[in-house]
Amino acid sequence: MSVFVPILVLGGIAAAFAVLSVALATVVGPSRHNRAKLDAYECGIDPVPQAQVGGRGGAGLRIPIKFYLTAMLFIIFDIEIVFLYPWAVHFDAIGMFGFAAMALFIFNVSVAYAYEWRRGGLSWA
């Protein structure tokens with residue numbers, strides 16, 4: 001049980017910080033309400049009351065695919081961090097094989113990142 005105490009303490013500090021930050025923001029922060037602030041955020045597109053599909057209820061609403069591509073890129077590159085944490089924790093136990101495997105993994109992710117950057121997938125223009 002003593003092994004998990006630092007993790008529980010860190011989790012408690014993180015939870016307390018989150019709750020305290022939200023509570024403090026509602027008490028101290030300004031509360032200026034306007035129409036734009038109360039609207040639902042739909043990727044920069046004004047929300048419509050009903051879905052408009054081509055042929056039913058209107059001419060159709062085209063949603064830019066750039067938002068979905070950016071979300072998918074975030075998920076793909078975020079998975080790299082999920083693999084890096086266990087590797088960093090057990091780095092001394094896995095030896096040179098683990099180092100080589102992670103170097104190959106990071107190389108593959110870097111190639112994908114460079115390709116996406118070169119193709120313009122990371123620019124908002």
Side-chain angles (χ1 to χ4, degrees):
M1 182 64 182
S2 64
V3 177
F4 297 109
V5 170
I7 296 172
L8 293 174
V9 169
L10 183 64
I13 291 172
F17 178 74
V19 170
L20 184 67
S21 296
V22 171
L24 192 63
T26 57
V27 172
V28 177
S31 61
R32 294 182 219 116
H33 297 288
N34 57 23
R35 182 184 170 275
K37 203 176 221 185
L38 297 175
D39 277 348
Y41 181 69
E42 298 288 334
C43 302
I45 301 170
D46 291 332
V48 293
Q50 294 179 0
Q52 294 180 355
V53 180
R56 294 185 314 190
L61 180 66
R62 297 185 60 99
I63 299 173
I65 196 157
K66 193 74 151 176
F67 299 111
Y68 299 111
L69 291 176
T70 303
M72 288 178 66
L73 284 173
F74 172 75
I75 291 170
I76 289 170
F77 290 117
D78 194 44
I79 290 173
E80 177 184 3
I81 300 302
V82 172
F83 287 125
L84 282 175
Y85 276 125
W87 174 78
V89 170
H90 292 288
F91 178 70
D92 56 346
I94 56 178
M96 201 59 184
F97 174 75
F99 178 76
M102 190 50 67
L104 183 64
F105 176 72
I106 290 176
F107 175 75
N108 285 338
V109 171
S110 299
V111 168
Y113 178 73
Y115 173 78
E116 201 56 44
W117 189 354
R118 188 91 164 121
R119 297 279 298 180
L122 302 175
S123 66
W124 285 99

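Side-chain atoms are counted along with the backbone in the values below, which use heavy atoms only and exclude waters and symmetry mates. Every value quoted in this text rests on a predicted model; they were computed, and no experiment measured them.
Under the 4.5 Å side-chain criterion, counting only non-hydrogen atoms from C-beta, Arg118 is not in contact with Tyr115.
Partners of Phe105 according to the side-chain contact (heavy atoms from CB on, under 4.5 Å) rule, which considers only residues two or more places apart in sequence or in another chain, are Glu80, Phe83, Met102, Val109. Residues satisfying the side-chain contact (heavy atoms from CB on, under 4.5 Å) criterion with Val5, sequence neighbours excluded, are Val9. Taking the side-chain contact (heavy atoms from CB on, under 4.5 Å) definition, one finds that Leu73 meets it with Phe77, Glu116, Leu122, sequence neighbours left out.
Put simply, Val22 and Leu24 are part of two different groups of oily side chains (I, L, V, M, F, W, Y) that touch within less than 4.5 Å, one to the next. Grouping the Ile, Leu, Val, Met, Phe, Trp and Tyr side chains by contacts below 4.5 angstrom, directly or via other members, places Ile79 with Tyr85. One hydrophobic cluster, built from ILVMFWY side chains closer than 4.5 Å, cannot hold both Ile75 and Val82; they sit in different ones.
Pro6 and Val3 get closest at one heavy-atom pair: CD-O, 3.4 Å.
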